[in-house]
2 protein chains.
Amino acid sequence: MPTQKDVAKLAGVSFMTVSRVINNNGYVSEETRKRVEDAIKQLGYSPSFAGKALNRGRTDTIGVMTPVRFGDGFGNVYLLGLIRGIELGCRKYKKDMLFSPFATDDPDFDYLRPYKQKKVDGLIYIGMQSMPEEVHREIQRYSIPCVVIGDRPDDHSISWVDTDNERAGYDSVKRLVSLGHERIGFVGLIPEMYNSNIQDRENGYKRAMRELLSMDDSEKWIMRSRFEEVSVYKAVRERFEMLDRPLTALFCATDRIALGALHAVKDIGLRVPEDVSIIGFDGLIKEFLFNPTIASNEQPLVEMGKRAAEIINRHIENPNFPRETCIFPVYPVDGDTVAPPPVSLN
Amino acid sequence: MPTQKDVAKLAGVSFMTVSRVINNNGYVSEETRKRVEDAIKQLGYSPSFAGKALNRGRTDTIGVMTPVRFGDGFGNVYLLGLIRGIELGCRKYKKDMLFSPFATDDPDFDYLRPYKQKKVDGLIYIGMQSMPEEVHREIQRYSIPCVVIGDRPDDHSISWVDTDNERAGYDSVKRLVSLGHERIGFVGLIPEMYNSNIQDRENGYKRAMRELLSMDDSEKWIMRSRFEEVSVYKAVRERFEMLDRPLTALFCATDRIALGALHAVKDIGLRVPEDVSIIGFDGLIKEFLFNPTIASNEQPLVEMGKRAAEIINRHIENPNFPRETCIFPVYPVDGDTVAPPPVSLN
DNA sequence: TTGAAAGCGCTAACAT
DNA sequence: ATGTTAGCGCTTTCAA
């Protein structure tokens with residue numbers, strides 16, 4: 001690859017003049033500029049990143065940390081929406097995105113390596129699982145520009161972008177209650193798989209059950225499983241078979257869970273939505289023209305990613321920029337799986 | 001961030017010794033090494049990427065070019081699988097991945113900027129749409145290490161990894177023919193949306209129709225639409241309403257298309273698979289526990305991505321490494337949407 | 001076993 | 001308007 005010097009030689013000027021032309025600062029005569037530009041084009045020269053980065057201490061690159069495997073099924077539609085948003089932000093600010101292999105299984109794994117190496121100017125962390133305390137401390141110690149998406153670190157040096165999952169949980173139950181439902185269950189995950197988002201949805205469910213239906217023991221209508229539909233299917237089926245009277249509605253922590261629940265309910269011999277209503281979370285199913293379409297909740301993922309990119313850029317430009325926190329709304333999504341409860345026969 | 005000099009000062013040695021400890025080359029006494037390592041830990045030092053890159057001309061970063069939007073629906077499950085594989089490869093070789101905003105709409109857009117800037121050591125191009133001729137020439141001119149996934153550039157300086165879509169198309173029709181089908185349609189895309197993969201599937205379909213059923217005018221049973229289900233739905237419905245006798249099977253260019261076709265066929269009043277069989281492509285649907293599950297074809301995406309990463313690494317390590325091309329098999333996936341054709345009544 | 005010097009490509013500051 | 005110098009953090013080469 002040609003360097004500034006090669007261009008300088010070809011154009012018959014010093015490399016400093018080339019630098020001036022590239023960065024468009026300082027005085028360069030029209031004629032010289034033209035000669036330099038021709039030489040640049042002729043050689044196909046692009047300024048070396050390493051040289052510039054070393055000199056300026058800037059890389060124009062944002063690190064994106066995703067503690068989630070790409071390509072592992074459904075959960076990634078969440079990831080994809082966020083990345084799309086981050087990409088839009090990066091385009092606006094002319095930054096690239098750096099993804100580093102993530103290895104939580106390795107005890108020596110260094111979350112912050114890309115920054116410490118000065119390979120990136122800042123980090124966006126997609127918070128599907130929380131960062132270790134120690135990482136927080138390091139971020140503070142080195143004043144690393146950092147934005148977390150989908151979690152809310154207490155840490156005053158870390159900005160975050162999130163949705164109001166608790167409220168969305170509450171509102172989902174409210175939608176069902178306003179149709180006349182009372183026997184409303186929650187399908188969540190086993191504790192090992194929880195993240196703060198899902199926990200908040202469950203909290204919202206519980207609060208709604210307490211405040212709207214005066215139910216303090218809603219825990220008894222909570223089912224827990226793993227992410228996969230098979231696991232959900234089993235959990236829901238078993239619970240329904242244990243109950244003397246079936247639940248009339250299920251609020252599910254994710255759309256994928258809702259899908260498993262839907263099949264379980266149908267296989268038990270109950271109809272959806274006539275006997276059991278179902279509401280999911282993430283508004284992703286609609287992409288797939290399901291039949292029935294599943295009522296759900298939608299997070300503005302692209303907007304969230306974009307905002308995160310904007311915030312990180314502000315932190316990079318001005319190290320004294322104060323922490324920014326931002327809660328996006330969750331929108332209800334209509335679907336075929338919601339109806340009033342069946343008329344009680346007793 | 002601390003530098004080598006800071007570490008050297010703290011450990012009471014020259015920075016050269018620090019460099020030796022880090023790279024584990026040259027002689028360093030056990031005692032000195034210990035002191036340096038302690039200093040490194042105490043300061044939380046990581047070697048600066050820019051300095052190293054400038055000096056060695058290596059960035060340990062792979063550029064990934066995706067001329068597809070993240071987060072735009074289904075097609076991205078393809079993208080995700082590949083990226084997952086690339087990530088696995090990168091982990092193995094301790095590389096990071098650089099994603100740059102992709103802007104085909106910008107006439108000045110430089111596909112190769114990340115390489116020209118020496119921000120990456122090589123490029124993996126996900127070939128959902130072909131690279132312009134001019135880009136090929138530049139790759140050749142600068143001997144850029146490059147691997148294309150999902151397309152087969154003639155260019156002898158570009159390695160590629162692909163699946164045999166033509167054959168998979170042929171085999172899909174063969175599966176249907178062996179069940180007794182003859183009236184088999186193909187649901188593809190309008191020409192503007194074609195890429196070589198989809199084109200190959202169509203070619204396989206046509207060849208099978210010719211060779212297995214002696215049909216030279218299979219074009220008349222080809223439907224074309226956009227990617228979205230609504231568009232597919234309309235195209236299929238219209239075609240069926242025009243035919244005097246319905247087709248008994250549809251081979252669809254993607255699973256998403258298959259989904260749209262499924263709904264169209266059902267809404268016409270035909271049963272799947274009793275009246276119409278459907279085969280899709282990509283084996284992605286199974287993730288979602290559809291009912292019915294859709295018969296399909298599966299590409300080993302993760303393997304492909306991984307292989308691409310391996311090849312690019314070989315090119316980087318040895319600039320004289322010859323072009324490598326690699327065709328992965330496509331596996332048939334069973335599903336509920338395939339059965340023998342209805343018994344003819346005439 | 002350790003250190004000193006040179007240079008990778010670039011830009012900021014200072015000449016001319 | 002253009003050129004020279006120094007230095008960003010690192011490694012390679014040569015010296016001690």
Side-chain angles (χ1 to χ4, degrees), chain A residues 1-40 43-61 94 113-121 142, chain B residues 1-40 43-61 94 113-121 142:
Chain A
M1 286 277 104
T3 72
Q4 241 177 37
K5 274 187 190 155
D6 300 318
V7 177
K9 196 181 294 173
L10 182 61
V13 296
S14 86
F15 56 84
M16 204 41 235
T17 306
V18 178
S19 173
R20 288 207 181 87
V21 170
I22 290 163
N23 298 299
N24 220 336
N25 71 27
Y27 302 94
V28 183
S29 76
E30 257 327 301
E31 193 220 357
T32 311
R33 148 166 285 118
K34 177 86 175 60
R35 272 217 318 286
V36 171
E37 276 167 355
D38 286 349
I40 288 176
L43 293 172
Y45 164 80
S46 283
S48 146
F49 162 69
K52 194 167 178 172
L54 184 56
N55 182 284
R56 298 194 323 147
R58 281 289 182 78
T59 64
D60 294 328
T61 309
K94 298 202 193 289
R113 173 187 59 76
Y115 182 84
K116 287 185 186 162
Q117 292 185 160
K118 276 280 159 223
K119 233 177 157 167
V120 302
D121 298 328
Y142 299 114
Chain B
M1 285 278 106
T3 73
Q4 240 177 37
K5 273 189 189 155
D6 299 319
V7 176
K9 197 180 293 172
L10 182 61
V13 296
S14 86
F15 57 84
M16 207 34 241
T17 306
V18 178
S19 173
R20 287 208 182 86
V21 170
I22 290 163
N23 297 299
N24 221 336
N25 71 26
Y27 301 95
V28 182
S29 77
E30 257 326 301
E31 193 219 0
T32 310
R33 149 166 285 118
K34 177 86 176 60
R35 273 218 315 288
V36 171
E37 278 168 352
D38 286 349
I40 288 176
L43 293 172
Y45 165 80
S46 282
S48 147
F49 161 70
K52 196 168 176 171
L54 184 55
N55 184 283
R56 299 194 322 149
R58 280 289 181 78
T59 64
D60 295 326
T61 309
K94 298 203 193 289
R113 172 188 57 77
Y115 182 85
K116 288 185 186 162
Q117 293 185 159
K118 277 280 160 220
K119 231 176 159 168
V120 302
D121 298 327
Y142 299 115

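Proteins come first, then strands; the chains are lettered A, B, ... in the order of their sequence lines, and each starts at number 1. Worth saying up front: this structure is predicted, and the values here are computed from it rather than measured.
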Peer 1: Go through the structure and list residues passing side chain to side chain donor-acceptor pair (under 3.5 Å) with B:N25, not counting sequence neighbours.
Peer 2: none
Peer 1: For residues B:K116 and A:M1, report the shortest heavy-atom separation together with the two atoms involved.
Peer 2: CA-SD, 3.8 Å
Peer 1: Applying side chain to side chain donor-acceptor pair (under 3.5 Å), name anything that partners A:N55, two or more places apart in sequence or on another chain.
Peer 2: none
Peer 1: Does anything in residues 46-60 of chain A pair up under salt bridge (charged side-chain N to carboxylate O under 4.0 Å, His left out), and if so which pairs, sequence neighbours excluded?
Peer 2: A:R56-A:D60, A:D60-A:K95
Peer 1: Quick one: the dot-bracket string of DNA chain C, using Watson-Crick and G-U wobble pairs with both distances under 3.5 Å, [ ] for crossing pairs and | for bases paired to another strand.
Peer 2: ||||||||||||||||
Peer 1: D:dG9, OP1 or OP2 - any side-chain N/O from B:S48 closer than 4.0 Å?
Peer 2: no
Peer 1: Do the side-chain N or O atoms of B:T3 get closer than 4.0 angstrom to the phosphate oxygens (OP1, OP2) of D:dC8?
Peer 2: no
Peer 1: Pick base, sugar-phosphate or nothing for A:S14, based on heavy-atom distances below 4.0 Å to the nucleic acid.
Peer 2: base
Peer 1: Using atom CG of B:L54 as one end and atom C1' of D:dG7 as the other, report the distance to the nearest whole Å.
Peer 2: 12 Å
Peer 1: Mind checking what makes side-chain contact (heavy atoms from CB on, under 4.5 Å) contact with B:E31, not counting sequence neighbours?
Peer 2: B:S29, B:R35
Peer 1: Which side-chain N or O atoms in residues 3-19 of chain B pair as donor and acceptor under 3.5 Å with protein atoms at least two apart or in another chain?
Peer 2:
residue, atom, partner, partner atom, Å
B:T3, OG1, B:K5, N, 3.2
B:D6, OD2, B:T3, N, 2.8
B:S14, OG, B:M16, N, 3.2
B:S19, OG, B:N23, ND2, 3.4

Peer 1: Just the rounded figure in Å: distance from C1' of D:dC10 to CG of B:D6.
Peer 2: 14 Å
Peer 1: What pair of heavy atoms forms the shortest contact from A:R20 to A:V28, and how long is it?
Peer 2: CB-CG2, 3.7 Å
Peer 1: Do the side chain of A:K119 and the main chain of B:T59 share a donor and acceptor less than 3.5 angstrom apart?
Peer 2: yes
Peer 1: Please determine if B:K34 and B:E30 form a salt bridge, counting it only when a charged side-chain N lies under 4.0 Å from a carboxylate O.
Peer 2: no
Peer 1: Tell me, please, which residues at least two apart from B:S48 pass side-chain contact (heavy atoms from CB on, under 4.5 Å).
Peer 2: B:A50
Peer 1: At the 4.0 Å heavy-atom cut-off to chain B, mark where contacts on DNA chain C begin and end, going 5' to 3'.
Peer 2: C:dT1 to C:dG9
Peer 1: Could you give the distance from CG (A:L43) to OH (B:Y142), rounded to the nearest 0.5 Å?
Peer 2: 7.0 Å
Peer 1: Is A:T32 near enough to D:dA1 that one of its side-chain N or O atoms lies under 4.0 angstrom from OP1 or OP2?
Peer 2: no
Peer 1: Between the protein and nucleotides 11-13 of chain D, which nitrogen or oxygen pairs are less than 3.5 angstrom apart?
Peer 2:
residue, atom, partner, partner atom, Å
D:dT11, OP1, B:N23, OD1, 3.3
D:dT11, OP1, B:N23, ND2, 2.9
D:dT11, OP2, B:Q4, NE2, 2.9
D:dT11, OP2, B:S19, OG, 2.8
D:dT11, OP2, B:N23, ND2, 3.4
D:dT11, O4', B:N55, OD1, 3.0
D:dT11, O4', B:N55, ND2, 3.4
D:dT11, O2, B:N55, ND2, 3.3

